[in-house]
Amino acid sequence: MPRWEALGRVIVGDDDPSPRVMGIVNVTPDSFSDGGRHGDVDGALRHARRLIDEGADLLDIGGESTRPGAAALPAAEEAARVMPVIEALVASADTPLSIDTMKPAVARLAVAAGASMWNDVTALRFADESLATAAELGRAVVLMHMQGEPRTMQDDPRYDDVVREVAVFLAERADVALAAGVARDYIWIDPGIGFGKTAAHNLALLRGLRAIVALGWPVVLGASRKGFIRALDPAAKDAGDRLGASLALALAGARAGVAMVRVHDVRQTVQALNMQAAIAGETDRG
Ligand code: HH2
């Protein structure tokens, strides 16, 4: 297993088998109710600080929604949303930051301001210069699987064997990143729950998660509040109603050996992971 430290914290490579918790901070106009750009930045900062207090090991800052049907956003506008938040957090907190963007220009600005990780849902396929930029930036990079593109990915996703196809894709993208000059210790993979997948595909991937972990790269699992939870609980129309399933998903990820879970509900996730670890006797935290 690789080893990765960010801002002096060991994120991968220590003895703790529990996954690290990545808290989600969305800086999109509709993500904080007070509206307006300034309100968004203040709201995002308040939210980020709360997630740090709740025990987030890393924060994932995103300015572009990847929800099915979401409109594309120019890089300058995306940067204008996320950069004030990143700059303020770098100046005031010592929690490592990840930039959730598919655009190399935004990743470049975020890393220059102090971000430790580039989380790219396109696995460095969005722009011709993505691979070279990741190598040049010399930071951790998350390579996520997605079938199709965000606008249309949920139209009719198809696989013969979703676990095998996602594993082959991720192994290939990790090799491509290595060949482009990204350091071995910086490569992360992510099965991309909900990205061009039906509920059955997502469940098959969760069942087969050990095969993704067995590829040997640290795995991020992002399943928190995802839409497929409605396949089990159609009444959970509101994403905030999906906490129970989100915790079950994080615990399943931990049992399969993922290195990080990307979640909205940091406090509850930390509590659930600590309890599972205490029961397993992995920790004296209990
Ligand atoms: N999911 C979303 C965004 N970024 N990154 C990784 N690595 N893995 C994921 O599963 C992942 C991700 C989903 O984004 P969106 O639907 O915009 O909502 P939110 O950011 O609130 O999760």
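Just follow the structure's listing: the first ligand is 1, and inside any ligand the first atom is 1.
Using a cutoff of 4.0 Å between basic side-chain nitrogens and carboxylate oxygens, E54 and R50 are scored as salt-bridged. Under the 4.0 Å criterion applied to side-chain N and carboxylate O atoms, R225 and D265 are assigned as salt-bridge partners. A salt bridge links R20 and D16; the closest N-O separation between the charged side-chain nitrogens and carboxylate oxygens is under 4.0 Å.
Ring pair Y159/H201 is perpendicular by interplanar angle, where above 60° counts as perpendicular and below 30° as parallel.
Of the N and O atoms on the side chains of N26 and T28, not one donor lies less than 3.5 Å from an acceptor on the other residue.
For the atom pair CD1 of I193 and NZ of K226, the computed distance is 7.0 Å after rounding to the nearest 0.5 Å.
Sorted by chain and number, the heavy-atom contacts of ligand 1 below 4.0 Å come from I24, N26, S65, T66, R67, D100, N119, V121, V142, M144, D190, F195, G222, K226, R262, H264.
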